[in-house]
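Reading through the structure tokens given below for one structure.
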Amino acid sequence: MELSPMEVLFMFLGGLGIFLYGIKSMGDGLQAAAGDRLREILNRMTTNPFLGILAGILITALIQSSSGTTAITIGLVSAGFMTLRQAIGVIMGANIGTTITAFVIGLDIGAYSLPILAFGVILLFFFKTPKINNYGRIIFGFGALFYGLELMGDGVRPLADLQGFSDLMLMLSENPLLGFAVGTVLTVIVQSSSATIAILQNFYMNDLVDLTAAIPILLGDNVGTTITAVLAALVGTIAARRAAAVHVVFNLFGAIIFMLILPFFTMFVGYLETALDLNGRMTIAFAHGSYNLANTLIHLPLIGFLAWVVTKLVPGKDYAEDYQPVHLDKSLMKQSPSIALQGTQKEIQNLGQLTLSMLEDARDFTQENDAKIEKRIREKAGVVDGLNESIRKYLQELSKYDISNEDAIRQTTLLEINRMLYKVSEQIVEFTDLNIKKYNKNIYLSESAQKGLNDFIKHVGKSFRKAVNAIDIYNPQDVEMILDMTQKSTNIENKLRKQHVKRMNKGICSTDGGHLYVDLISTLERIGYNTRNITELNLGDDGSDTEQEEEQIVFDQ
């Protein structure tokens, strides 16, 4: 039966849509079945490049998306859970892992796609157990993948009779750069290299394109897939942008190398096709797998060089790298828990310094609406989140080992200080958001209100700096003076509130400005309150005997 051009287009697009939905359903089911183990795999299997590559392969096989693996990796790098060098190994592995989909497609079991779909639907709709439902999603996605492929294949088959299409394919065969560009652009549009490789497999299976044209398109597909990582990193940290840059550089360098040796690589793939008696889809799968495996082996010794290149391409201060936990040595837990605890204190001191720098940035942001300062605050907040989580998990694991009663108390104290520092970082972000609201809505604060706010944040900054510098559960210093300063934070906030009420009664402050001002000073007071908590924890008591400070407030103490 001859198909009309409209039927060909609808069958192809419908098949592509079902294929993409099948990939997503299968990936979602696998990811749900794996649960939180995905991040655990990445956290644990990145101690060296080889393990990182294995982790990338495994995660990509589970979620059926190299872009998804790269996006997860970028998130872990942003949060400080993973270094740039560790991320490079995972990204390399993701490129190998994504070829698994092409090999699955090469099995050519489309004749069984509808029964597979039906079985998946039974598991989805006739069972209430989440685990069985997840398996149903995986099987349904698997069937949809092959059914979509069959529709695409039926849709593109009539194109062989079109002279214009034959001329286009001949042009691609004669101009590899054009084929490379077509593959890149198509993957950028579809946002899935698995889909564009599947299209290429169907074209080659139906003799619509020869191997000379197919290989450059395949190389372009691998470059086009990097767009997802780039988009994921646009609003991320410098570390995230560098991880995305690694993905681009790795795939681009590999494509350039293979474009230079294109005749030899095409001959190699042709040899595999003949020697192994491969069908058309499996031939493209072997080409895809061979390219990504070879590209990884080429770049594996160059991980340090890749890191250097992207550091030059994306300059700037990488807080995630600077504040990587270096004192959380797991081997010390069993050998010497006491020394492990001391190392944890050093990391908490680093966390305190990072949080202090956030507060100093927030103080600068109150003076100047600078987008760079705001971005710096948010980048540091992400690193605080990651470092806080690493310290928390380390201290909790340390409790499993034999530690003295004194160290058990110190461990609990460090856990609480770690939590308080994280709370302060959240309050700094909240304070920054309030200032953004002030700038965006052009909310006016009176001169006296702004001066009081500036003096208050200076005072809170000084007390917090002293508290951070004094963090030492073994030998606390200057604790009473810091407690005195933090008590004054509460007094200052009360005084500023009273002054604010007087200004409101006189009509000096607007309603919007008044509400915002109260929120700003309340947030600073909470930072001061947590500063006091940190100091009291450092002292080892609840601070209940400290006398209330009733004297005249002095901002510049």
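Quantities reported herein were computed from a predicted structural model and do not represent experimental measurements.
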Candidate pair I88 and F250, rule side chain to side chain contact (heavy atoms under 4.5 Å, CB included), full reasoning: CA-CA 9 Å; I88 293 173; F250 172 71; over 6 Å; no
Nearest non-hydrogen partners of I91 and A243, listed with the distance: CD1-O, 3.4 Å
Residue pair A287 / I215: nearest heavy atoms and the distance that separates them: CB-CD1, 3.9 Å
Least distance between heavy atoms, R281 atom then Q201 atom: O-NE2, 2.8 Å
M92 to T296 - nearest heavy-atom pair and separation: O-OG1, 3.6 Å
Distance (rounded to the nearest 0.5 Å) between K423 NZ and I428 CD1: 12.5 Å
Electrostatic pair E397:K400 at N-O distance under 4.0 angstrom: no
Which atom of H247 lies closest to which atom of T226, heavy atoms considered: O-CG2, 3.5 Å
Student check: side-chain heavy atoms of F140 and Y21 closer than 4.5 Å: yes
Reported CG-to-OG1 distance for the pair D221 and T187, which is rounded to 0.5 angstrom: 3.5 Å
Any donor-acceptor N or O pair under 3.5 Å, side chains E389, Y394: no
Identify each donor-acceptor pair in which a side-chain atom of residues 118-132 lies under 3.5 Å from a protein atom, sequence neighbours left out, and give them as a table.
none

CA sep, side-chain torsions, deciding dist, call: V384, L421, side chain to side chain contact (heavy atoms under 4.5 Å, CB included): CA-CA 9 Å; V384 166; L421 288 171; over 6 Å; no
Distance in Å, T283 OG1 paired with L278 CG, rounded so as to fall on 0.5 Å steps: 4.5 Å
Close side-chain approach of S290 to V269, heavy-atom, < 4.5 Å: no
Short N-O contact, R378 and D433, less than 4.0 angstrom: yes
Donor + acceptor pair across side chains of N95, N222 (<3.5 Å): no
OG1-CD1 distance between T184 and I217, expressed to the nearest 0.5 angstrom: 10.5 Å
Beyond-backbone contact of L351 with I391, side-chain heavy atoms, under 4.5 angstrom: yes
Separation of N388 CG from I348 CD1 (nearest 0.5 Å): 9.0 Å
Stepwise side chain to side chain contact (heavy atoms under 4.5 Å, CB included) test for M259 and L177: CA-CA 8 Å; M259 285 294 286; L177 289 176; 3.9 Å; yes
Heavy-atom side-chain proximity of I96 to H288 below 4.5 angstrom: no
Aromatic ring pairing F265/F258, orientation class (parallel under 30°, perpendicular over 60°, tilted between): perpendicular
Side-chain heavy-atom pair L302, F253 within 4.5 angstrom cut-off: no
Side-chain heavy-atom pair V223, L219 within 4.5 angstrom cut-off: no
M282 and N279: CA distance, side-chain angles, deciding distance, side chain to side chain contact (heavy atoms under 4.5 Å, CB included) verdict: CA-CA 5 Å; M282 195 60 85; N279 64 40; 3.2 Å; yes
Verdict with supporting geometry, E273 and Y204, side chain to side chain donor-acceptor pair (under 3.5 Å): CA-CA 12 Å; E273 183 179 26; Y204 189 67; 3.0 Å; yes
CD1 on I373 to CG on N435, rounded to 0.5 Å: 11.0 Å
Closest approach of S425 to M358 (non-hydrogen atoms, all atoms of both residues): O-CE, 3.6 Å
